[in-house]
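Inspection log for the structure reproduced underneath, given as structure tokens.
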2 protein chains.
Amino acid sequence: MNTAGKPGRPRAGAERLSRDAILTAALRIVDDEGVEAMTMRRLAGTLGVNPMSIYHHLPNKAAVFAGLAEVVFAGLDAVQPRAGLSWQEELKDAARAYRAALQAHPNLALQVLSDPSAVSDVVVVTVEPFYRALDRGGLEPRAIFESVNTLVDFVHGFLLGELSVRAATFDLAPDLVDRVEKLPEGKAPTLSRVVLALGRDGLHYDFDSGFESALTVLVSGIESTLR
Amino acid sequence: MNTAGKPGRPRAGAERLSRDAILTAALRIVDDEGVEAMTMRRLAGTLGVNPMSIYHHLPNKAAVFAGLAEVVFAGLDAVQPRAGLSWQEELKDAARAYRAALQAHPNLALQVLSDPSAVSDVVVVTVEPFYRALDRGGLEPRAIFESVNTLVDFVHGFLLGELSVRAATFDLAPDLVDRVEKLPEGKAPTLSRVVLALGRDGLHYDFDSGFESALTVLVSGIESTLR
DNA sequence: ACCTGAACACCGTTCAAGT
DNA sequence: ACCTGAACACCGTTCAAGT
């Protein structure tokens with residue numbers, strides 16, 4: 001039977017744990033309560049298992065996060081480009097899909113983006129749609145490589161900002177106008193002038209349209225390297 | 001006298017601790033050994049003080065990191081643009097200076113970039129040089145605002161990659177060619193073709209030139225919104 | 001092989017007590 | 001006000017022992 005609390009090896013097929021089961025539970029904790037709540041002891045608790053049991057399936061906590069990164073990026077794999085798009089629109093779609101994949105697990109994304117050891121082969125494959133679109137655009141290999149790096153870096157930085165703000169809803173809203181108004185005279189004159197010209201309404205920032213306008217800039221910049 | 005280990009309030013002027021002294025010691029730990037080594041107990045240890053003493057100067061550990069963020073960004077404040085530059089080159093200089101400031105404390109930068117609560121007014125002022133250059137370029141307030149966001153997001157994402165790789169020197173070098181060669185046939189055809197066309201030499205990546213080529217793309221893209 | 005229990009060497013932070 | 005000591009409620013991980 002091997003009920004909870006009983007030591008000893010379970011019968012074949014009666015294992016209470018598996019790598020998959022552990023990762024599923026871990027992802028749930030991260031999604032619901034954030035990376036900080038995902039401790040080995042807490043994870044074992046939700047699985048109804050001794051903390052040490054986990055170590056028979058994953059070597060340590062870092063491996064748990066690396067496993068979660070795989071799970072998240074694996075979903076990106078299957079996405080097919082929409083038919084009939086210009087290569088520019090296909091490129092934008094790739095960036096949109098990449099952003100969406102990371103947004104699907106915001107708490108995890110922040111962790112994964114800043115942890116190089118969490119990056120595996122699954123992540124490498126993630127960039128295929130970018131390569132495809134730029135190849136269609138007729139760029140040289142070197143230009144493709146650098147353009148993809150630029151785009152991916154931008155998406156990472158954008159997500160850093162987006163997810164940080166989202167995670168900080170309990171904090172005071174970072175009202176740029178307020179902050180600028182409180183700045184000492186002459187500390188940042190151009191910033192002050194531009195921000196105040198935009199005003200409180202003009203600054204109402206929307207991540208989706210911010211992302212789109214950045215994509216427009218980036219794609220125009222990439223196009224201009226063709227000439 | 002208030003020698004080490006003696007409790008009680010020190011005489012005026014004989015305080016053994018200050019916010020500045022604490023932050024200086026903390027920055028040293030972070031620079032030398034990384035964010036993970038910077039614990040309250042370790043920090044107190046290097047200051048020769050009881051762990052709890054720190055709490056009389058900073059409310060908690062998060063406040064220590066927020067203070068460190070201030071220290072780092074404060075250095076950016078004084079930078080003046082070089083004379084005689086086109087607005088495009090001035091804009092690139094702003095991005096270069098921002099990257100350099102974050103690179104100066106790589107261990108801290110990763111932490112700060114992903115921690116919204118570490119961002120203070122000091123950081124807001126950081127973007128003034130970007131605003132200045134774009135204002136000279138004749139962009140409208142809205143376009144300036146969005147271009148700065150795009151540029152700053154890119155720099156953040158770029159640094160995330162750059163600092164991650166630097167921090168992972170002990171890990172296996174992420175050799176893209178090797179990884180691509182091991183990929184299942186047809187898994188990422190364009191990526192494979194492009195990467196193999198570049199070859200092992202063509203891919204030898206250099207962060208400095210990668211940064212420059214991204215800046216070229218970004219600035220061209222911003223220019224094209226003027227027309 | 002798979003799970004457990006006790007133990008080690010840590011954490012951040014609260015609280016009461018010293019001067 | 002500034003510093004300390006003991007204590008609370010945690011961590012990740014090693015190791016020996018069960019079946």
Side-chain angles (χ1 to χ4, degrees), chain A residues 1-26 29-30 32-68 107 111 115 117-118 170, chain B residues 1-26 29-30 33-68 107 111 115 117-118:
Chain A
M1 300 300 284
N2 201 21
T3 46
K6 284 270 170 63
R9 183 183 185 181
R11 286 225 182 72
E15 293 86 356
R16 328 229 325 279
L17 242 38
S18 66
R19 200 184 118 97
D20 265 18
I22 292 170
L23 291 179
T24 303
I29 296 176
V30 170
D32 292 353
E33 304 172 52
V35 262
E36 283 170 16
M38 215 304 288
T39 70
M40 296 302 264
R41 294 171 116 106
R42 174 94 166 65
L43 178 56
T46 73
L47 287 162
V49 120
N50 185 285
M52 291 307 98
S53 305
I54 295 167
Y55 287 83
H56 290 276
H57 301 267
L58 290 147
N60 51 40
K61 193 182 177 181
V64 175
F65 280 115
L68 291 182
N107 295 336
Q111 171 83 191
D115 179 9
S117 67
F170 43 86
Chain B
M1 302 297 286
N2 201 24
T3 46
K6 285 270 171 59
R9 182 182 186 182
R11 285 226 183 70
E15 292 86 355
R16 326 225 331 276
L17 241 40
S18 66
R19 201 184 116 98
D20 265 19
I22 293 169
L23 291 180
T24 303
I29 295 175
V30 170
E33 304 172 52
V35 263
E36 281 170 18
M38 216 305 288
T39 70
M40 295 303 262
R41 295 172 116 108
R42 173 93 167 64
L43 179 55
T46 73
L47 287 162
V49 119
N50 186 286
M52 291 306 97
S53 305
I54 295 166
Y55 287 83
H56 290 276
H57 300 268
L58 290 148
N60 52 40
K61 193 182 178 182
V64 175
F65 280 115
L68 291 182
N107 296 335
Q111 169 84 192
D115 178 10
S117 67

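Residue numbers start from 1 in every chain, and the chains themselves are labelled A, B, ... in the order their sequence lines are given, proteins ahead of strands.
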For the C1' atoms, the ones on C/dC11 and on D/dC8, what distance do you get once it is rounded to whole angstrom? 12 Å
With rounding to whole Å, what would you report as the distance between D/dC15 and C/dC3 at their C1' atoms?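 It works out to 14 Å between them.
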pair B/Met40-B/Val64: side-chain heavy atoms closer than 4.5 Å: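 Yes, side chains in contact.
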Could you state the atom-to-atom distance from [atom1] of [X] to [atom2] of [N] in whole Å?
{"X": "B/Ile22", "N": "D/dC2", "atom1": "CD1", "atom2": "C1'", "value": "11 Å"}
{"X": "A/Arg19", "N": "C/dC2", "atom1": "CZ", "atom2": "P", "value": "14 Å"}
{"X": "B/Ile54", "N": "C/dT14", "atom1": "CD1", "atom2": "P", "value": "14 Å"}

Rounded distance (nearest 0.5 Å) linking atom CG of A/Asn107 with atom CD1 of A/Ile29: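 So the gap between those two atoms works out to 12.0 Å.
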Show the atom names and distances, to 0.1 Å, of all donor-acceptor pairs under 3.5 Å that link a side chain in residues 48-59 of chain B to residues at least two apart or in another chain.
{"residue": "B/Asn50", "atom": "OD1", "partner": "B/Met52", "partner atom": "N", "Å": "2.8"}
{"residue": "B/Ser53", "atom": "OG", "partner": "B/Asn50", "partner atom": "O", "Å": "3.2"}

So which protein nitrogen or oxygen atoms get under 3.5 Å of nucleotides 17-19 of chain C's nitrogens or oxygens?
{"residue": "C/dG18", "atom": "N2", "partner": "B/Gly8", "partner atom": "N", "Å": "3.2"}
{"residue": "C/dG18", "atom": "N2", "partner": "B/Arg9", "partner atom": "N", "Å": "3.2"}
{"residue": "C/dT19", "atom": "O2", "partner": "B/Arg9", "partner atom": "N", "Å": "3.1"}

Among residues two or more places apart or on two chains, list those pairs meeting side-chain hydrogen bond (donor to acceptor under 3.5 Å, both in side chains) that have a residue in residues 33-49 of chain B.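 Every pair satisfying side-chain hydrogen bond (donor to acceptor under 3.5 Å, both in side chains) with a residue in residues 33-49 of chain B: B/Glu33-B/Arg42.
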Taking only Watson-Crick and G-U wobble pairs with both distances under 3.5 Å, what dot-bracket line describes DNA chain C, where [ ] shows pairs that cross earlier ones and | shows pairs with another strand? ||.|||||...|||||.||
Provide the closest heavy-atom pair for A/Met38 versus A/Lys61 in the form atom of the first, atom of the second, distance.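 Looking at all heavy atoms of both residues, the closest pair is O-CE, 3.2 Å.
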On the nucleotide C/dA1, are OP1 or OP2 found under 4.0 Å from the side-chain N or O atoms that A/His57 carries? no
Check nucleotides 7-13 of chain D against the protein and report each pair of N or O atoms closer than 3.5 Å, with its distance, or say if there are none.
{"residue": "D/dC11", "atom": "OP1", "partner": "A/Thr39", "partner atom": "OG1", "Å": "3.4"}
{"residue": "D/dG12", "atom": "OP1", "partner": "A/Met40", "partner atom": "N", "Å": "3.1"}
{"residue": "D/dG12", "atom": "OP1", "partner": "A/Lys61", "partner atom": "NZ", "Å": "3.1"}
{"residue": "D/dG12", "atom": "OP2", "partner": "A/Met40", "partner atom": "N", "Å": "3.0"}
{"residue": "D/dG12", "atom": "OP2", "partner": "A/Arg41", "partner atom": "N", "Å": "3.4"}
{"residue": "D/dG12", "atom": "N7", "partner": "A/Arg41", "partner atom": "NH1", "Å": "2.5"}
{"residue": "D/dG12", "atom": "O6", "partner": "A/Arg41", "partner atom": "NH1", "Å": "2.9"}
{"residue": "D/dT13", "atom": "OP2", "partner": "A/Tyr55", "partner atom": "OH", "Å": "2.8"}
{"residue": "D/dT13", "atom": "OP2", "partner": "A/Lys61", "partner atom": "N", "Å": "3.1"}

